[in-house]
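Here the structure is laid out as structure tokens; the discussion comes afterwards.
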Amino acid sequence: MLSRKLFTSHRIIRCPATHRLYAEAMSSTWPAGKSRIILGSSSYSRQGIMKELAQEYGFEYDTATADIDEQSLGDRTSDPAELVTLLAQAKADAIYDRLETKRGLLLTCDQVVIYQGRVREKPASTQQAKEFIHGYSEYPAGTVGCTMCTDLESRQSFKAVDTTWTHFRKIPAEVVDQMVDEGTVMKCAGALMIENPLLTPFITQFQGTKDAIMGLPKSTVFVLVAAAAKAGKNG
């Protein structure tokens, strides 16, 4: 079973990432009420998922970007969960420092692709992007992603790490070329963009939810937003 870990500065809470948890979370009202929400990400995929949530539950949100040098932070040869957690925290810190009003809830995220035990981040060139995508015909693409929600007034943060796997059949070279020529995969860790209609027909199996693979699992967002909103009230 896939699992999710929720972190605070005081404790670690473990909860199973099951369909039951997802269904319970999605049947709830938006847990933050009318609190200000900031999505600290420029990712097309994450913004699309956040837009869906906002439309479904009737809340508004702002966006911000951290603009940090991600390559200068963390160890790419050790535990990927530690790396994405470090980067999600660094993004939250950078955005917090630039905010004029320290109020509301801030969501930050980071994700890497795991391929044959190695970390893949955003491709450095179109050639590397093509090599990445071609490789998924041979071995599955794993993702390790951290989602963090910070109450800006109390500075309490809650974090979760989700892991997924996606399996593919052979991806034709012309499809790979088209995807890279479009350019959007260049902004995705591992050049992995499962929502791209060119790639979708070649997916054979998901282990994990599609939104987790895309970098912003809705059920995780609900759990973290609820925890941070509660912390803010108690703070």
Side-chain angles (χ1 to χ4, degrees), residues 1-7 12 14 17 40-47 49 65-95 107-148 157 159-168 171 176 179-180 183-196 199 202-217 220 224:
M1 179 184 294
L2 297 177
S3 65
R4 178 186 300 120
K5 296 179 182 178
L6 303 186
F7 302 77
I12 299 175
R14 298 176 187 273
S41 175
S42 61
S43 161
Y44 294 130
S45 300
R46 291 191 186 102
Q47 289 189 7
I49 293 169
T65 56
D67 299 323
I68 62 173
D69 181 7
E70 297 183 26
Q71 292 299 318
S72 68
L73 300 173
D75 182 356
R76 271 70 181 164
T77 63
S78 63
D79 184 357
E82 293 182 3
L83 173 62
V84 294
T85 299
L86 173 68
L87 291 172
Q89 180 70 64
K91 292 174 183 179
D93 291 343
I95 293 171
L107 283 164
T108 52
C109 314
D110 195 75
Q111 185 183 61
V112 294
V113 168
I114 304 300
Y115 183 77
Q116 290 190 286
R118 295 184 178 181
V119 168
R120 286 182 168 181
E121 296 178 274
K122 297 179 183 69
S125 65
T126 56
Q127 181 58 38
Q128 187 177 56
K130 292 179 181 181
E131 292 172 359
F132 282 175
I133 300 170
H134 275 300
Y136 302 138
S137 297
E138 304 296 330
Y139 298 96
T143 67
V144 179
C146 177
T147 309
M148 172 190 290
S157 295
K159 313 169 192 177
V161 175
D162 289 271
T163 303
T164 73
W165 292 95
T166 307
H167 300 255
F168 299 86
I171 306 168
V176 175
M179 291 179 63
V180 174
T184 50
V185 296
M186 299 300 295
K187 295 184 178 181
C188 299
L192 181 66
M193 193 174 186
I194 62 165
E195 67 271 31
N196 189 311
L199 185 62
F202 304 98
I203 298 172
T204 60
Q205 183 184 0
F206 289 131
Q207 291 174 270
T209 61
K210 184 177 179 181
D211 51 6
I213 299 168
M214 293 169 64
L216 191 66
T220 297
L224 297 178

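For the single chain, residues carry numbers from 1 onward in sequence order.
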**Asked** Is T163 close to T143 at the side-chain level, that is, under 4.5 Å between some pair of heavy atoms?
**Response** no
**Asked** Mind checking what makes side-chain contact (heavy atoms from CB on, under 4.5 Å) contact with A189, not counting sequence neighbours?
**Response** V113
**side-chain contact (heavy atoms from CB on, under 4.5 Å) partners for S125, two or more places apart** = Q127, Q128
Count the heavy atoms of every other residue, nucleotide or ligand shown that sit under 6.0 Å from [atom1] of [X], and state whether that count exceeds 12.
| X | atom1 | answer |
| --- | --- | --- |
| Y44 | OH | no |
| R76 | CZ | yes |
| F206 | CZ | yes |

**Prompt:** Salt-bridged, K91 to E70, with N to O below 4.0 Å?
**Reply:** yes
For the student: nearest non-hydrogen atoms of [X] and [Y], plus distance:
| X | Y | value |
| --- | --- | --- |
| T147 | P217 | OG1-CD, 3.8 Å |
| K159 | T85 | CD-CG2, 3.9 Å |
| L83 | G74 | CD1-CA, 3.8 Å |

**Message:** I'd like to know whether F168 forms a side chain to side chain contact (heavy atoms under 4.5 Å, CB included) with L199, so could you lay out the CA-CA distance, the side-chain angles of the two residues, the decisive distance to 0.1 Å, and finally the verdict.
**Reply:** CA-CA 9 Å; F168 299 86; L199 185 62; 3.7 Å; yes
**Message:** Determine whether C146 and L87 satisfy the following criterion, side chain to side chain contact (heavy atoms under 4.5 Å, CB included), listing intermediate values before the conclusion.
**Reply:** CA-CA 9 Å; C146 177; L87 291 172; over 6 Å; no
**Derivation of the side chain to side chain donor-acceptor pair (under 3.5 Å) call for Q71 and E121** = CA-CA 9 Å; Q71 292 299 318; E121 296 178 274; 3.3 Å; yes
